[in-house]
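Everything below concerns the one structure shown next.
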Amino acid sequence: PDVSQRELACEVGISLGGMHQYLRQMTEGGLLKRMPLNTVDDQHRYGVTEQGETFRRQIAPSFLARRLAEVAIIKSEIALARALCKAVEV
């Protein structure tokens, strides 16, 4: 889908500068290719390369599963810390 870097950054929950860095790193790493959108200004779009598609199919699911497990652990640690703080206040 056609979305701006700003819209994508907002959807993911990171800064515009952070999104720019991620896109640059993925382009330099061969996962994305940058293509001019028009010749009038500096607009462009990104496309997934063959290497990026392989990454998406083979590596990304296990990477995402690991990260989601880490997030679940962190959330439980935060809940425990909040509960301990409330217990101390009483």
I'd like to know whether Tyr22 forms a side chain to side chain contact (heavy atoms under 4.5 Å, CB included) with Val12, so could you lay out the CA-CA distance, the side-chain angles of the two residues, the decisive distance to 0.1 Å, and finally the verdict. CA-CA 12 Å; Tyr22 280 126; Val12 176; over 6 Å; no
Go through the structure and list residues passing ring pair (Phe, Tyr, Trp, His ring centres under 6.0 Å) with Tyr46, not counting sequence neighbours. His44
Please list, chain by chain and in numerical order, all residues satisfying ring pair (Phe, Tyr, Trp, His ring centres under 6.0 Å) with His20, sequence neighbours excluded. none
Hey, any chance Leu68 and Phe63 share a hydrophobic cluster, counting ILVMFWY side chains that come within less than 4.5 Å of each other, even indirectly? no
If you look at every heavy atom in Ser15 and Gly18, which pair is closest and at what distance? OG-N, 2.9 Å
Decide if atom CZ of Arg57 counts as having more than 12 heavy atoms of other residues, nucleotides or ligands within a radius under 6.0 Å. yes
Are more than 12 heavy atoms from other residues, nucleotides or ligands located less than 6.0 Å from atom CD of Glu28? yes
Considering only heavy atoms from C-beta outward, does the side chain of [X] approach that of [Y] to under 4.5 Å?
X     : Y     : result
Thr49 : Glu53 : no
Leu84 : Val88 : no
Lys33 : Thr27 : no
Gln21 : Arg24 : yes
Arg56 : Val48 : no

Quick check for you: to the nearest 0.5 Å, what is the distance between [X] atom [atom1] and [Y] atom [atom2]?
X     : Y     : atom1 : atom2 : result
Leu16 : Leu8  : CG    : CG    : 10.0 Å
Gln5  : Leu23 : CD    : CG    : 5.0 Å
Met19 : Ile14 : CE    : CD1   : 3.5 Å

Keeping the roles fixed (side chain from Glu7, backbone from Ser4), state whether a donor-acceptor pair exists under 3.5 Å. yes
Across all chains, not counting sequence neighbours, the salt bridge (charged side-chain N to carboxylate O under 4.0 Å, His left out) partners of Arg67 are Glu70
Pick one: which of Gln51, Arg45, Gln25, Met26 meets side-chain contact (heavy atoms from CB on, under 4.5 Å) with Leu32? Met26
